[in-house]
Amino acid sequence: MTAEKLFQMIKELENGERWKLLDMMYDEYYNVRSNPNMEERLSNIEKDVEFLSGKIGIHDMYFNRIHKEEGDRA
């Protein structure tokens with residue numbers, strides 16, 4: 001089945017059924033409370049961002065040190 005066929009089938013649903021489908025899609029992909037796996041994924045993303053921001057801080061410190069040393073030589 002193609003996306004176009006699926007979209008056409010959704011358009012042909014009655015309004016109440018379309019809303020039910022939207023609610024189901026939201027719960028499946030965006031509602032953290034109804035999807036415990038999503039909560040774990042968000043937690044992992046937060047840990048990754050925290051780790052990477054620490055790495056950026058270290059690299060920024062090294063960059064500033066190198067920049068300062070180059071300025072001292074000039």
> What distance do D27 atom CG and L22 atom CG have between them, rounded to the nearest 0.5 Å?
Replying inline: 11.0 Å
>> Using side-chain hydrogen bond (donor to acceptor under 3.5 Å, both in side chains), reason through Q8 and E12 one step at a time and then give a plain yes or no.
In response: CA-CA 6 Å; Q8 187 59 40; E12 292 171 1; 3.2 Å; yes
> Does F7 share a hydrophobic cluster with W19, counting links as ILVMFWY side-chain heavy atoms below 4.5 Å and allowing steps through other members?
Replying inline: no
> Does the side chain of R18 reach to within under 4.5 Å of the side chain of K11, using non-hydrogen atoms?
Replying inline: no
> Of R41, E46, E40, which is the lone residue that meets side-chain contact (heavy atoms from CB on, under 4.5 Å) with N44?
Replying inline: E40
> Is it true that L21 and M9 fall in one hydrophobic cluster, defined by side-chain heavy atoms closer than 4.5 Å?
Replying inline: yes
> In Å and rounded to the nearest 0.5 Å, what is the NZ to CG distance from K55 to D60?
Replying inline: 14.5 Å
> Would you call the rings of H67 and F63 parallel, tilted or perpendicular, where under 30° means parallel and over 60° means perpendicular?
Replying inline: parallel
>> Let me check something: do M25 and I10 share a hydrophobic cluster, defined by ILVMFWY side-chain heavy atoms less than 4.5 Å apart, either directly or through other members?
In response: yes
>> Quick check: closest heavy atoms across K5 and M1, and the distance to 0.1 Å?
In response: CB-CG, 4.2 Å
> To the nearest 0.5 Å, how far apart are CG in N64 and CD in E69?
Replying inline: 11.5 Å
> Hey, is K47 close enough to E50 for a salt bridge, meaning N to O under 4.0 Å?
Replying inline: no
